[in-house]
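This report concerns only the one structure given below.
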Amino acid sequence: MISLDDILTGAETVGIAGHIKPDADAFGSCMGLYLFLKQYYPSIKASVYLEDTYSESYEFVQCSDEIIHSYPSVPGHDVFFSLDCSDPPRLGKALSYFNAAKTRVVIDHHVSNPGFGMINEIQPDASSTSELIALLIGKDRVGRTIAEPLYMGIAHDTGIFKYSCTSSRTMATAGWLMDTGIEFSKICDDTFYKKSFHQTQITGKALAQSDLMLGGRMIYTVVTRKDIEFYQVSLHELDGIVPELRVTDGVEIAVFLYEVTPGEFKASLRSNGKVDVAAIAVHFGGGGHRMAAGCSFRADAYKAALLIADEAEKQLKETYAERDSERL
């Protein structure tokens, strides 16, 4: 792995950013690294940039009030870290800061990441970018304050340690983060499981109006802008819908389409193993992991679902054809 200490040698200013619409892993990895810099490199002026669209439940993390949400014109940083971001455009407005830095570092776990930094640490087999940041910092330098956001990021990206991206290394890393004395159960309850009343309502509506395709092997549902406005929920409050779809018996791929702007739908994809949803997402200009990915469509939601179903069906046909040939 790369060495944070080598990268930081001689640096006076450091910037950190995660992807647009930051989830718990983007938030957790960025804040874990930021808190590490504040504790172990106090002479460095560090800044963390994130959109303000993340869940308020993440704000228990120390110094989260220091996150910068605006992007004034400033001199380039000596070092800039892109965390949990699969490609440059997903840095949003922080991309110009990244490009202006003397040293550009990319740390990520998305299989679709091309390695767009001067220094790259990309491990598609890692559960999360938070896991990578924890390992780069090292067990001996992670105390409770740093451990809290990193544990949250790992817990979320593994679905509380049940997704296939969870490895023995993930569990070991989570273990020594727990040993710092963090309230790990409370972190999971408050940031992953807890839902507002309106969240519960829109989740129920989305599940009730879901439908099957591909002979029951694909399930999908749609939430429109009208639904979002009626139930008064933010986009990040929709995160719990696609995992509920995925556990439907007989389903190989779950698709959740939600309208982010009029006529533009974001597709959140989840697989139960036989479908590589990252390949589907990349085909439509998105990205992600084999088991969890996303992309966008400027099209009717039903048409978008059909396009995804076509790609999933191709993969399933190939899978069954390979199995049939092996039996022969």
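Along the sequence shown, the residues carry numbers beginning at 1.
- For the pair Y41 and F36, the minimum side-chain heavy-atom distance is below 4.5 Å.
- The aromatic rings of Y49 and F80 lie parallel to each other, with less than 30° between the two planes, well short of the 60° mark.
- A donor-acceptor pair shorter than 3.5 Å cannot be found between the side chains of Q201 and K205.
- Taking the side chain as every heavy atom from C-beta outward, T145 and T180 never approach each other to under 4.5 Å.
- More than 12 heavy-atom neighbours from other residues, nucleotides or ligands sit within 6.0 angstrom of CD on E264.
- Between S55 and S57, the side chains place a donor N or O and an acceptor N or O closer than 3.5 Å (distance only, hydrogens not considered).
- Relative ring orientation between Y97 and Y71 is described as perpendicular, the plane-to-plane angle rising above 60° on a 0-90° scale split at 30° and 60°.
- Contact check on R141 versus D5 returns a salt bridge, with a Lys/Arg side-chain nitrogen under 4.0 Å from an Asp/Glu carboxylate oxygen.
- Atom NZ of K162 has more than 12 neighbouring heavy atoms from other residues, nucleotides or ligands inside a 6.0 Å radius.
- Judged by distance alone, the side chains of S112 and H110 never bring a donor and an acceptor atom under 3.5 Å apart.
- Within the 4.5 Å cutoff, no side-chain heavy atoms of L257 are placed close to those of K266.
- Using a cut-off of 4.0 Å between Lys/Arg side-chain N and Asp/Glu carboxylate O, E66 and K38 are scored as salt-bridged.
- Using modelled atom types, one side-chain atom of H109 and one backbone atom of S127 make a donor-acceptor pair closer than 3.5 Å.
- Counting only heavy atoms from C-beta outward, the side chains of N272 and M291 never approach each other to under 4.5 Å.
- The shortest distance between side-chain heavy atoms of T221 and D211 does not fall below 4.5 Å.
- Salt bridge E244/R270: absent, no basic N to carboxylate O contact under 4.0 Å.
- Taking the side chain as every heavy atom from C-beta outward, S167 and C165 never approach each other to under 4.5 Å.
- Remark: R217 does not engage E252 in a salt bridge, criterion side-chain N to carboxylate O under 4.0 Å.
- Looking at H156 and D25, their side chains never bring a donor and an acceptor atom within 3.5 Å of each other.
- E121 places no side-chain N or O within donor-acceptor distance of the main-chain N or O of I107, the cut-off being under 3.5 Å.
- By the 4.0 Å N-to-carboxylate-O rule, E311 lies close enough to K314 to be salt-bridged with it.
- Checking S128 against D157 by side-chain atom types alone, no donor-acceptor pair falls below 3.5 Å.
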Handout entry: Stepwise salt bridge (charged side-chain N to carboxylate O under 4.0 Å, His left out) check, E12 with K102
Key = CA-CA 11 Å; E12 295 181 2; K102 295 175 183 177; over 6 Å; no

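- Ionic pairing of R169 and E131 is present here: one or more N-O contacts between side-chain nitrogen and carboxylate oxygen are shorter than 4.0 angstrom.
- A salt bridge links R290 and D276; the closest N-O separation between the charged side-chain nitrogens and carboxylate oxygens is under 4.0 Å.
- A 4.5 Å side-chain heavy-atom check between I154 and T166 finds every atom pair outside the cut-off.
- With a 6.0 Å radius and a threshold of 12 heavy atoms from other residues, nucleotides or ligands, Y302 has its OH atom at or below the threshold.
- Residues D227 and T224 bring a donor and an acceptor atom of their side chains to less than 3.5 Å of each other.
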